[in-house]
Structures are given as structure tokens and as C-alpha cells.
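Just the heavy atoms: all of them, side chains too, but no hydrogens, waters or symmetry mates, feed the values below. Please read these numbers as outputs of a predicted model, since none were measured by experiment.
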Amino acid sequence: MNFTRWSARFPGTQRRAAARTEHAAAQAKRGEGSVPAARGGRADPGTDRSAPIADGGPADPTVSGTGSATARRTGIPAAVPSLDELSVREVIGRLPALVALVHGPEHHVAYVNEAYTAGFGTRTPGAPAHEALPELGDLGLLPLLDQVQRSGKPRTAKNRTAPGGTSTYTVTCTPVDFPKTETAGEAEAHTGVLIHLADVTDHAEAVERLRASERRQREAAVTLQRSLLPQELEQPDDLRVAATYQPGGTEAAVGGDWYDVITLGAGRTALVIGDVMGRGVRAAAVMGQLRTAVRAYARLDLPPHEVLQLLDGLAAEIDASQIATCVYAVHDPNEGLLAYASAGHLPILVRDEDGTVRRAADPTGPPLGTGGWLHTSGTIALGPGSTAVLYTDGLVERRGEDIDEGVAALERALSGAQGTPAVICDRLMRALGVDADHDDDVAVMVLQQPARTGADAELFHNAALELLGGIEAAPRARAFAQGVLASWRFPVELCDLGVLAASELVANSLQHGTPPMRLRLRRTDRRLIIEVTDGDDHLPRRRRAEPADETGRGISIVATIASAWGSRRTPGGGKAVWCEFALPDK
């Protein structure tokens, strides 16, 4: 039970409390304090309460207020000790850091503390620092002492490793003034330097472990990135292609830049370059998935904008937070054109044989993964002697500059670049200032349409025949193929196979296609290509014919005798069916 609370209700309690209150008020009116007299004597009501007691002893500390107990009760702060009373030698001697004090022009040793002695051994006072403190020279601190003494300003040197690599220190050198001494009858002030060595070995080792871990992670990302890129570019018959990839500097994480060259058959080639936004292994992994998907979609031989449309949906499914830019182009040597579609990527640059540089115009759609956009295709001429460049933004983008300035600088560099595609790649990288310390990864692809003359031109021929239809179309096609192949001096066996393939493709087009129809024969240095186009967009497929069937064997025959075959829809409507034969090595 709380007796303090209930005592107020006991009889007489309220009267006694009232009496105490009246007595205290009377004392306050007379100016008397409420503090009782000290033990051992009775205070005189008319005397000062701080005076000594009657027997001559000191006043009670609780009365004088000089004790710490009184300070805690009254809130009066205790006296603060003066720093002048502390011994500098004692303080420095107990520091865990290594401390040395030198003076004079040659930095004579004045003092070293116990930690310094424990770290480097006993040192003799009075000797010059380069003799008595050789470790300072090993740490490269002697020039720093001279600088501090001349300038009168402190200096700090971080992460200085002692000989043997056992310890690492952060060193602070502070100028100090020694007291004046009488030398040769004159007063001379001595200046010195206080050397403070803080052992940061654990911190330096932790930093080095972190850097080593970052290097391993970056090496893993670079290895993944390079393994996902084509190890060797396919080399089409009609193009010379070279590409290079430069990862960002050591302080930059690996990105998702990528490129590829895909032969589509019938002499056509797909070229693709892209950039996955973001850094590290995740960006490289997304890049690998997109590159694999591009190769699969390219085998469908779709127009460039349809390939990007498929990639757009796939990019959103892979990772909705990852956005990628990409340009997909198809080169057709028969037309001398580069058909392309762009998803937020930088424009293709083409340099003609006379040095004029052209920039591929729109259309350019949003990046992959954004969805809700119908991409469209465009074309740019790529004739004999022309050079085209596809690149990522790391080549032309600089902090504080508009990206159009970078593209313009690339145009100027391309206009004067000569040589093979590999040489042009290197020259463009150097001209744009890309080196090992570049802050972004860069991918560049250069392709050339060679201007063939002389004996080299004899290896490339084209021949075409317009087919008007009717019963005479097939005999005309066979006669045309026979004459052309004989004029190209092919072996008899290859001529017979070529005539048979041309006959079957023309017969298929006459039965299932619509005018206009055309037979085209093309020879390169490595293959013979036979192609038939018509106005119907229904693509043929290979099927198994039953023994009783009179038709349905044409495509199977072509697929059996040819090295490869395929079909595609043409941009203006209709389709093209082709096959090719590898030429024998001479």
C-alpha cells in the first residue's frame, strides 16, 4: 500500500502540513535559508551560512557548492581541467599511431614514441632523418618533409606501403615551432615537423580485396559478353565485313553492346547491331538472348521491320525493365540496296566511292521493349565501292556534348578513312578517342561492297529472263539456263543440276504463282544461285508426295540436289524461291 498517498487522510495530518507551510513562509520573509547548519555546530541565525563552523573546521561541501555532488544536485558545472596541465610527451607516447618529431633543415630526430619504436626499432635522437629514420625514405616522405617545412602547411600522404609490403600507412606531416634557444649569443627559433603515421593496413587490404572482387566480376562479365558475340563473322560473297568490340574502362561495368552477321541465302546478308541499356552480367545475358532470337527470326527471311516487331515483344517478355536499341539491315546485291529498320538506334552512315558520306534517314521507331509501335523499313543505296558503318552510342556520345556532334565527328572521320573494313574500324575508334580507359563500351561494324574489276569481276555474273507464262515458258527457261551455265564454263555435271533446278522452280511458279515471273541466275566466287520470282505471296513448302501423286515433288527434288534452298516474300508483293550450289574448289 502507498502510505504516502493515504497518509494525507489520517487525522491531524492536514493540520501539521499547513503548519509546516506557514513556518516556511515566515522564514522566507525573514531571509533565512532552508539549509540546516553543518554537523558539529549550531549555526547562528544572524551569520552567513557559508562561514566556517564554530570549532574552526571547514564548511560542509554540501553548503559551499564546490563538490561534484553539489554540482549534480544544483546543475552548476564542475571545473574543466586546462589542457596546459597535460603533458604532451605523455599523450603522444601513449598514442597507438606512430609519431616522430624532427627539426632543422636536415630533419634531425628529436623524438619518437613507443609505437614508432615498436614498429621500426629504437632510433637515436639528434641524427638526420635520412640516416636515423630510413623508413621515411622508403615510404617516399623525405621530399614531403621539405615541402612542409618550406610552406608551413600540413600535408597528408595516403596508403604508403612499407618495404616488404607488410604494413600500409596514411602519413600526416604537420609543421611545429620549437622554443627559442641561445646559440652563439643570438636567439634562434627552430622549426620542425611532427610526423604521424596511422596504420591502415587492414583498410588497404579490405580495399584491395574489394577491387580484386570487382575485377573478377568484370572479367566474368567481359568473358560472358565476348562469348555471346560471334567468335568469327560470316563473310558473304559480295561483302567484306569487320567488327570490333571495346569494353568500357576498369571503372565502368560491361554493357550489352552486340552485333552479328547472318547469311540469308541467295546472296543476301542480314547485319544487326544493338545496345542493351544497363550494365553488368544481366545486360550481357539479355543481349545474348536477343542475339539468339535475331538469328532465329532472320532465318524466316522477313522484312527488317517485321524482325524488329518480333524482337520488341520478346524484349518485353525477357525483362520489362530492360530496354534495348537495335538496327537490323538486309543487303541485297542484286538490287544494290541496304534495307533497314531501326528501334531507337543511331543512323547508319554510308560513304560512297567518291568520299561523300550519307546518313540513313528515318524511319526510326522507339527502343525494343516499349511495345505499342509498328516499325517500318527504309532503304539506302550501297553500290560498288561503298562503305557502311553501324555503331553503338559509346562511339559518339560524350558527357557535356550533344550526340549529333559526335555523329558529325564520325562522318568526318569516315570520309577520310581508307583501307579494309578492319583497318577502318581501328581508324574510327582512334579518331573518336576510344581507348582502354573509355567510360562506355563500344561496338562498331564496317561493311564494304567492293568495286570488282579485271579478273576478279569475271567471277561474278548475273543473268535474268522474264517469263511471260504459257506452255513455252518452261522450255525457254531450260534453254536459257543451259546456255548461261555453259557460257560460265561450269562442269557438265553442275550444268545439268542447274538446269534441272531451274526447270523445277519455274514449273512450280507456273503452277502455283501469278505473273510477273522472272528467272535469275547468279554466280559468285563460291556458289551458283538460281532464283525465280512471281506475283503470288504464298510460300511453298516441302512435303512428302505419295507414289500415286503426279505433282508435289518439285521442291523435294530441288532440296535434294542443291546445297541450300529457301523462299521469302518480296517487298513489292509476291515471293522469291531460290536454291544454290557450292562451286567446286579449283
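- With sequence neighbours excluded, the residues satisfying side chain to side chain contact (heavy atoms under 4.5 Å, CB included) with Ala422 are Ala242, Thr420.
- Using a distance-only test at 3.5 Å, with no hydrogens or angles considered, no donor-acceptor pair links the side chain of Thr263 to the main chain of Gly265.
- In this structure a side-chain-to-backbone donor-acceptor pair under 3.5 Å is present from Gln235 to Val241.
- Considering only residues two or more places apart in sequence or on other chains, Thr244 meets the side-chain hydrogen bond (donor to acceptor under 3.5 Å, both in side chains) condition with none of them.
- Comment: Glu466 does not engage Arg476 in a salt bridge, judged by the lack of any side-chain N to carboxylate O separation of less than 4.0 angstrom.
- Nearest heavy atom pair, residue Asp441 against residue Thr392, reads O-OG1, 4.2 Å.
- When the ring-ring contact (aromatic ring centres under 6.0 Å, His included) test is applied to His203, no partner is found at least two apart in sequence or on another chain.
- Looking at residues two or more places apart in sequence or on another chain, you find no side-chain hydrogen bond (donor to acceptor under 3.5 Å, both in side chains) involving Asp537.
- Between Arg268 and Asp301 there is a salt bridge, since at least one side-chain N of the basic residue sits less than 4.0 Å from a carboxylate O of the acidic one.
- Cys579 contributes atom SG, which lies 12.0 Å from atom CD1 of Ile557 (distance to the nearest 0.5 angstrom).
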Mind listing the side-chain donor-acceptor pairs of residues 345-356 below 3.5 Å, one per line with the distance, residues two or more places apart or on another chain?
unit_1 : atom_1 : unit_2 : atom_2 : d
His345 : ND1    : Thr325 : OG1    : 3.0
His345 : NE2    : Tyr391 : O      : 2.6
Arg351 : NE     : Leu414 : O      : 3.2
Arg351 : NH2    : Ala417 : O      : 3.0
Asp352 : OD1    : Arg358 : NE     : 3.4
Asp352 : OD1    : Arg358 : NH2    : 2.8
Asp352 : OD2    : Arg358 : NE     : 3.1
Asp354 : OD1    : Thr356 : N      : 3.1
Asp354 : OD1    : Thr356 : OG1    : 3.2
Asp354 : OD2    : Thr356 : OG1    : 3.4

Arg359/Glu411 under salt bridge (charged side-chain N to carboxylate O under 4.0 Å, His left out): CA gap, chis, key distance, verdict: CA-CA 9 Å; Arg359 185 184 301 189; Glu411 290 179 338; 3.0 Å; yes

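- In the model, Ser503 has a side-chain atom that pairs as donor or acceptor with a side-chain atom of Arg478 under 3.5 Å.
- Two residues are said to be in side-chain contact when any heavy atoms from C-beta on lie closer than 4.5 Å; Pro333 and Phe460 fail this criterion.
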Quick one: side chains of residues 367-382, donor-acceptor pairs under 3.5 Å with protein atoms, not counting sequence neighbours, listed by atom name and distance.
unit_1 : atom_1 : unit_2 : atom_2 : d
Thr370 : OG1    : Pro367 : O      : 2.9
Ser377 : OG     : His305 : N      : 3.0
Ser377 : OG     : His305 : ND1    : 2.7

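- For Ser415 (side chain) and Arg412 (main-chain N/O), a donor-acceptor pair under 3.5 Å exists by modelled atom type.
- Under the 3.5 Å distance criterion, the side-chain polar atoms of Ser386 are matched with a main-chain donor or acceptor of Gly383.
- Pairs passing the side chain to side chain donor-acceptor pair (under 3.5 Å) check and including a residue from residues 394-407, sequence neighbours excluded, read Arg399-Asp439.
- Here the side chains of Arg520 and Asn334 are in contact, with some heavy-atom distance below 4.5 Å.
- Note on residues 263-297: no pairs pass ring-ring contact (aromatic ring centres under 6.0 Å, His included), not counting sequence neighbours.
- Here Ala559 pairs with Arg542, Trp565 under the side chain to side chain contact (heavy atoms under 4.5 Å, CB included) rule; sequence neighbours left out.
- In this structure, the ring-ring contact (aromatic ring centres under 6.0 Å, His included) partners of Trp488, at least two apart in sequence or on a different chain, are His461.
- Using a cut-off of 4.0 Å between Lys/Arg side-chain N and Asp/Glu carboxylate O, Asp238 and Arg522 are scored as salt-bridged.
- Taking the side chain to side chain contact (heavy atoms under 4.5 Å, CB included) definition, one finds that Arg295 meets it with Glu234, Asp260, Ile262, Arg291, Arg299, sequence neighbours left out.
- Judged as a salt bridge (charged side-chain N to carboxylate O under 4.0 Å, His left out), and not counting sequence neighbours, Arg160 has no contacts.
- Atoms CD and CG, from Glu317 and Asp312 in turn, are 10.0 Å apart once rounded to the nearest 0.5 Å.
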